[in-house]
Amino acid sequence: MFVLRQCLTLGTKSSIRNFSATTNLVNLTINEDTGVAIMELNKPPVNSLNYELLEAMHRTLVKLENEKCPGMILTSSSRSTFSAGLDLLEMYKPTVDKARRFWSMLQNTWIKLYSTPYPTVAAINGHSPAGGCLLAMSCEHRIMVPDKMIGLNETQLGIVAPQWFQDCMRNIIGERQAEKALIAGRMFTSEEALKIGLVDELATDKEDLMQKAHDFLDEQMGLPPLARSVVKVGFRKDTLSKLINGREADIKMFLDNVFQPKVQESLENYIQMLKKK
Ligand SMILES: CC/C=C\C/C=C\C/C=C\CCC/C=C/C(=O)SCCNC(=O)CCNC(=O)[C@H](O)C(C)(C)COP(=O)(O)OP(=O)(O)OC[C@H]1O[C@@H](n2cnc3c(N)ncnc32)[C@H](O)[C@@H]1OP(=O)(O)O
C-alpha cells in the first residue's frame, strides 16, 4: 500500500504529488500536470538491491502501470551511487527459501521495468555496477553524470552475469562490444559508456540530468502512445519471453551457484574488502 505523505504545490504552474512506499525505500513523485513520475531509489548508502528494495520498486511499477503513467524517470537519492547492484548480504549464507524469494523478486521487478508501455529514462547520478547497470539498461534511455562507472562487472567477481543481464547489454551495445565487455567484466567511465552507446547522453550535474530526462520524456510523450508501446514491447519481447518461459531454470541456476562453497568464500572476501575500504 502507498501512503500519501504530502501534497506540494510548486509555483503556480505545476503541482507535484509525493508518494512514498511504506518502507521509504522508493520515493515516488508524480507531477500532477504532466503525470511524469520520478522514482527515486532511497536505500542509503548505495541502493544495494535487497528483497525489500526490489519489492518496493515492483509495487511502485504496478501502481504506475495501473494509473496509466505517461512516463517515468528512474534515479537515486545517493550522491555517489545510482545502485551498487544486488545486495551482497542477500546472497551471503542465505536459506534456500530466502535465496529463492530474493531471486524471484528480482525477476518480477525486471520483467515489470523492462516491459513498461510508457517511456522510461534512467537518470544515472552515480556508479552503476552489475544489477545497477541492469536497472539502467532496462530503461529506454540513459543519461549519466560524468566521472562515474557503469557496467556488468560480474566476471571480475568470479561469477557470471545471468543470461538476461547479458541480453540487455547485447540489445544496447551490440554483439561484439557486449561480448568483449562481458568477458572482461568491464566497468566503463561515463565518457567511455557514451562512446560505446551504453549511455545515450552525459549531463553536467544533477539539475542538467533531470532536465535532459524530462526533455526525453516530453519528446516521447508527444508520440501516439499505443503505437509507441507496441513497437517498444515488440523489440523487447524475445528477451522478455526467454526469462518469462525460463524463470524456474533461472532460479535453479542462481541457487546452484550461490550455494557453491567457492562462491560463498568469494562473497565473504568481497564484503570484507568493501567494508575495509
Ligand atoms: C562475489 C560473488 C557474488 C555473488 C555470487 C552469487 C551468485 C551467483 C549467481 C548469479 C549471479 C548474480 C549476479 C550479480 C549481480 C550483482 O549485482 S552482484 C553486486 C555487484 N556490485 C558490486 O560489485 C559493487 C560493489 N560496491 C562498490 O563497488 C562500491 O560500494 C560503489 C562503487 C558502488 C560505491 O562506492 P562508495 O560510495 O565508496 O561506497 P562504499 O564502497 O564505501 O560502500 C558503502 C557501504 O555499502 C556497502 N556496499 C557496497 N556495495 C554493496 C552491495 N552490492 N551489497 C551490499 N552492500 C554493499 C559497503 O560494504 C559499505 O558498507 P559499510 O562499510 O558502510 O558497512
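All ligand and atom numbering here is 1-based and tracks the order in the structure. Quick note: numbers below take in every heavy atom, side chains included, and nothing from hydrogens, waters or symmetry partners.
- Using modelled atom types, one side-chain atom of Q166 and one backbone atom of A161 make a donor-acceptor pair closer than 3.5 Å.
- Shown here for I73 and A213, the closest heavy-atom pair between the two residues is CD1-CB, 3.7 Å.
- Between the side chains of T239 and W164, no donor-acceptor pair of N or O atoms lies under 3.5 Å.
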Point to revise | Full working for side-chain contact (heavy atoms from CB on, under 4.5 Å) between R236 and E140 | key: CA-CA 11 Å; R236 295 180 174 218; E140 285 171 45; 3.8 Å; yes

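- Between W103 and F254, the angle of the ring planes stays under 30°, which puts this pair in the parallel group of the 30/60° scheme.
- Looking only at atom types and distance, the side chain of Q264 has no donor-acceptor partner in the side chain of Y92 under 3.5 Å away.
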Is there any protein N/O under 3.5 Å from an N/O of ligand 1, and what does the full list of such pairs look like?
| residue | atom | partner | partner atom | Å |
| --- | --- | --- | --- | --- |
| ligand 1 | 17 (O) | L86 | N | 2.8 |
| ligand 1 | 17 (O) | G131 | N | 3.0 |
| ligand 1 | 21 (N) | A84 | O | 2.9 |
| ligand 1 | 23 (O) | N153 | ND2 | 3.1 |
| ligand 1 | 23 (O) | Y270 | OH | 2.5 |
| ligand 1 | 37 (O) | S80 | OG | 3.0 |
| ligand 1 | 38 (O) | K277 | NZ | 3.1 |
| ligand 1 | 41 (O) | K277 | NZ | 2.6 |
| ligand 1 | 53 (N) | A84 | O | 3.2 |
| ligand 1 | 53 (N) | L86 | O | 3.0 |
| ligand 1 | 54 (N) | L88 | N | 2.9 |
| ligand 1 | 65 (O) | K275 | NZ | 2.7 |

